[in-house]
Amino acid sequence: MTTMQVTGDAEAEFRDFVYIVSHDLAGPVRSMVAFSQLLKEQLGLSLTDDDQLHLDLIVESGEKLGDMIQGLLAFSRLNTVQRVSTVCDLEIVMARCYMEAQPRLDATKGQLNYPRMPELTADPSRMFTLFYAIIDNALKFRSDHVAPDIRIQIEERPDAWLFHISDNGIGIDPMFYDDVFRPLRKLHTDEAYPGVGMGLTLARKIVLQHGGAIWLEPSGRLSGLTVSFSLTKKPKT
């Protein structure tokens with residue numbers, strides 16, 4: 001059995017294909033959801049219970065498909081949009097992450113603690129996506145009736161920084177550690193935990209683009225999870 005490798009022009013064509021499919025699919029999906037919602041409003045009380053259920057399922061499925069398309073589009077952009085390489089202050093990146101997460105932290109009485117963050121050569125926008133994707137997962141997959149406790153630890157190496165983002169959430173069975181980095185891979189139903197399963201996929205891609213590695217391990221606090229990754233201080237261009 002032979003394994004097909006995508007290289008050169010074929011690789012570029014594949015990236016373009018993913019982007020075009022994702023982008024062009026988004027319009028029809030938005031129309032499907034919008035017209036279904038419009039139909040519900042226009043028909044109103046004349047809808048039977050079955051009609052209402054069917055339209056609700058169309059809207060729900062359309063919205064989920066839209067989220068999946070946006071996740072794939074974000075992933076494809078990591079390949080098609082040129083990466084910025086500049087001095088990036090991760091203290092500013094984390095301030096943005098904290099502001100974005102603050103409403104959910106307040107609502108759940110959660111905590112997000114981190115030390116003074118370093119500077120490194122990186123794409124600031126992708127650094128925000130990286131850190132926020134992991135923080136977002138920690139807030140999403142929290143244990144019932146337990147306030148989220150997210151902690152970041154840092155180790156300095158000669159040529160790289162090592163980050164550990166730990167939480168006290170529901171964790172992941174070690175047998176699925178590799179699976180969760182795959183696009184659209186979910187371990188839970190939408191009813192239990194909404195989302196399309198792209199967070200760690202994006203995180204892994206960004207870490208690899210910046211010359212690092214990423215892995216998972218138990219957090220040591222109940223059943224939580226630690227996402228660890230390295231980022232080179234000055235990645236090769």
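Hydrogens, waters and symmetry mates play no part in the numbers below; they use all other heavy atoms, side chains included.
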What distance do [X] atom [atom1] and [Y] atom [atom2] have between them, rounded to the nearest 0.5 Å?
X: Leu162; Y: Leu231; atom1: CG; atom2: CG; result: 9.0 Å
X: Ile206; Y: Phe128; atom1: CD1; atom2: CZ; result: 10.5 Å
X: Leu78; Y: Leu202; atom1: CG; atom2: CG; result: 6.0 Å
X: Leu43; Y: Gln52; atom1: CG; atom2: CD; result: 9.5 Å
X: Leu55; Y: Asp50; atom1: CG; atom2: CG; result: 11.0 Å
X: Arg182; Y: Arg204; atom1: CZ; atom2: CZ; result: 10.0 Å

Are the side chains of [X] and [Y] in touch, meaning some heavy atoms are under 4.5 Å apart?
X: Val93; Y: Cys88; value: yes
X: Ile165; Y: Gln153; value: no
X: Leu112; Y: Leu105; value: yes
X: Val59; Y: Met32; value: no
X: Pro118; Y: Phe163; value: yes
X: Glu60; Y: Asp56; value: no

- Pairs satisfying salt bridge (Lys or Arg N to Asp or Glu O under 4.0 Å), at least one member in residues 152-161, at least two apart: Glu155-Arg157, Glu156-Lys233
- Item | Nearest atoms (heavy-atom pairs only) where Gly211 meets Thr232 | O-CG2, 3.3 Å
- Task: Heavy atoms only: give me the nearest Ala133-Gly199 pair and the separation to one decimal.
- Result: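 So the minimum-distance heavy-atom pair works out to CB-O, 3.6 Å.
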If you group Ile, Leu, Val, Met, Phe, Trp and Tyr by side-chain heavy-atom gaps below 4.5 Å, do [X] and [Y] land in one group?
X: Met99; Y: Tyr132; answer: no
X: Leu120; Y: Val87; answer: no
X: Leu39; Y: Leu47; answer: yes
X: Leu90; Y: Ile154; answer: yes
X: Trp215; Y: Val207; answer: no

Do the side chain of [X] and the main chain of [Y] share a donor and acceptor less than 3.5 angstrom apart?
X: Ser85; Y: Ala122; answer: no
X: Asn168; Y: Ala147; answer: yes
X: Thr48; Y: Asp51; answer: yes

- Apply side chain to side chain contact (heavy atoms under 4.5 Å, CB included) to the pair Met117 and Trp161, showing each step before the final yes or no. CA-CA 10 Å; Met117 302 294 285; Trp161 293 96; over 6 Å; no
- Query: Under 6.0 Å from the CG atom of Asp49, do we count more than 12 heavy atoms belonging to anything else shown?
  - Reply: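 Counting neighbours around CG of Asp49, 12 or fewer heavy atoms of other residues, nucleotides or ligands fall under 6.0 Å, so no.
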- Task: Using a cut-off of 6.0 Å, state whether more than 12 heavy atoms not belonging to Tyr177 lie near its atom OH.
- Result: yes
- Task: Given side chain to side chain contact (heavy atoms under 4.5 Å, CB included), test Arg126 with Lys205 step by step and report yes or no.
- Result: CA-CA 10 Å; Arg126 298 186 191 206; Lys205 184 68 175 180; over 6 Å; no
- Message: As a quick check of understanding, evaluate side chain to side chain contact (heavy atoms under 4.5 Å, CB included) for Ile150 and Ile135, giving each step before the final call.
- Response: CA-CA 8 Å; Ile150 307 168; Ile135 293 168; 4.3 Å; yes
- Item | Step-by-step side chain to side chain contact (heavy atoms under 4.5 Å, CB included) determination, Leu200 to Asn137 | CA-CA 8 Å; Leu200 287 177; Asn137 269 5; 3.6 Å; yes
- Message: Looking only at the side chains, is there a donor atom on one of His164 and Ser228 sitting less than 3.5 Å from an acceptor on the other?
- Response: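 The answer is yes; a qualifying pair exists.
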- Can you check whether Tyr114 and Phe131 have ring centres sitting under 6.0 Å from each other? no
- side-chain contact (heavy atoms from CB on, under 4.5 Å) with Ile134: of Val227, Asp167, Thr129, Ile152, only one passes, and it is Val227
- Would you please name every residue forming a side chain to side chain contact (heavy atoms under 4.5 Å, CB included) with Asn113, sequence neighbours left out?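 Applying side chain to side chain contact (heavy atoms under 4.5 Å, CB included) to Asn113 gives Gln111, Asp149.
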